[in-house]
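Bear in mind that the values here come from a model prediction, so they are computed numbers and not experimental data.
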Amino acid sequence: MRIARLGCPGQEIPVVPDGDRVLDLRAVTPDVTPEFLGHGLPTLDVIALPQLPDAEGLRFGPPVTRPIAEPA
């Protein structure tokens with residue numbers, strides 16, 4: 001499953017591309033954060049993706065907000 005963020009800089013929303021559609025994940029998570037990727041991502045397996053609303057016509061943004069920097 002691919003996850004992305006769409007929208008104006010600083011206003012991106014989490015989405016998942018599903019064939020010809022782009023689905024809005026805000027019903028599941030407010031954003032794609034390291035915490036979501038580590039703990040919330042498995043919850044997507046139980047969601048019926050066709051029930052999520054479309055989120056089209058927005059620019060692709062960075063895939064993750066607040067990435068964790070590796071220790072120096």
Side-chain angles (χ1 to χ4, degrees):
M1 173 181 298
R2 297 182 310 162
I3 296 176
R5 295 172 70 237
L6 298 180
C8 296
Q11 299 175 6
E12 295 92 354
I13 64 169
V15 299
V16 61
D18 183 39
D20 293 338
R21 300 174 62 203
V22 179
L23 305 174
D24 186 338
L25 286 177
R26 288 180 289 177
V28 178
T29 182
D31 209 343
V32 179
T33 62
E35 295 80 16
F36 172 72
L37 293 175
H39 302 290
L41 188 59
T43 63
L44 290 180
D45 291 338
V46 299
I47 294 171
L49 291 180
Q51 295 177 1
L52 294 173
D54 287 342
E56 295 185 17
L58 301 172
R59 83 177 239 299
F60 274 91
V64 178
T65 183
R66 299 183 291 108
I68 298 172
E70 292 187 26

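Checked by atom type and distance alone, the side chain of E12 pairs as donor or acceptor with a backbone atom of G10 at under 3.5 Å.
Looking at I13, V16, D31 one by one, the single match for side chain to side chain contact (heavy atoms under 4.5 Å, CB included) with L25 turns out to be V16.
Heavy atoms only, all atoms of each residue included: P30 and P14 are closest at O-CD, 3.6 Å.
Separating the OG1 atom in T33 from the CZ atom in R5 is a distance of 9.5 Å, to the nearest 0.5 Å. Taking CD from E35 and OG1 from T29, the interatomic distance works out to 9.5 Å, rounded to the nearest 0.5 Å.
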(request) For the pair V15 and L23, evaluate side-chain contact (heavy atoms from CB on, under 4.5 Å) and give the outcome as yes or no after the intermediate values. (result) CA-CA 5 Å; V15 299; L23 305 174; over 6 Å; no
